[in-house]
Amino acid sequence: MSEIFAAVDALLAKARDGGDLPEPAERERLRKAAALTQVEVAAALDTRRETFAKWESGAAQPRAPKRGAYAFLLAGLADIHGTQGPDGWLALARQARPLDAAAITDEGE
């Protein structure tokens with residue numbers, strides 16, 4: 001029975017992977033609205049600028065855990081600068097940040 005749930009979890013993860021980022025033009029607009037360079041964002045996401053440029057243009061897609069961090073950054077920028085176009089990605093992106101283990105420990109004490 002656990003194999004069935006593992007298979008369902010895999011399908012849900014696959015479905016989430018496609019919906020947490022805005023369209024490429026919105027990715028670029030949000031970065032530029034915040035006056036951030038590709039170099040700055042790439043460094044924060046621990047990737048090369050060339051790789052980040054492909055993510056931003058939609059030529060390539062980031063994988064976990066960097067995808068979640070990128071989605072969370074874009075959600076934060078959208079909160080500051082607003083979003084243009086369809087914003088269905090925003091709810092998923094806001095949830096992309098994993099819980100901080102230290103915060104869980106502090107709450108439990």
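- The two residues Ala78 and Leu90 have their closest heavy-atom pair at CB-CD1, 3.8 Å.
- Under the 3.5 Å distance criterion, the side-chain polar atoms of Arg27 are left unmatched by any main-chain donor or acceptor of Ser57.
- Within 6.0 Å of NZ in Lys54 there are 12 or fewer heavy atoms belonging to other residues, nucleotides or ligands.
- Put simply, the side chain of Glu26 never gets that close to the backbone of Glu23: no donor and acceptor are under 3.5 Å apart.
- To the nearest 0.5 Å, the span separating CD on Gln38 from NZ on Lys32 amounts to 8.0 Å.
- Arg49 places none of its side-chain heavy atoms less than 4.5 Å from the side chain of Thr37.
- Between Trp55 and Tyr70, the ring planes are tilted. Angles from 30° to 60° get that label.
- Only one option out of Leu77, Thr47, Leu74, Leu36 pairs with Val41 in a side-chain contact (heavy atoms from CB on, under 4.5 Å); it is Leu36.
- Across all non-hydrogen atoms, the minimal contact from Ala33 to His81 is O-CE1, 3.2 Å.
- What you find for Ala93 and Ala71 is that their closest heavy atoms are CB-O, 3.3 Å.
- Glu56 approaches Arg31 most closely through the heavy-atom pair OE2-NE, 2.5 Å.
- Closest of all the heavy-atom pairs between Ala35 and Glu40 is O-OE1, 3.9 Å.
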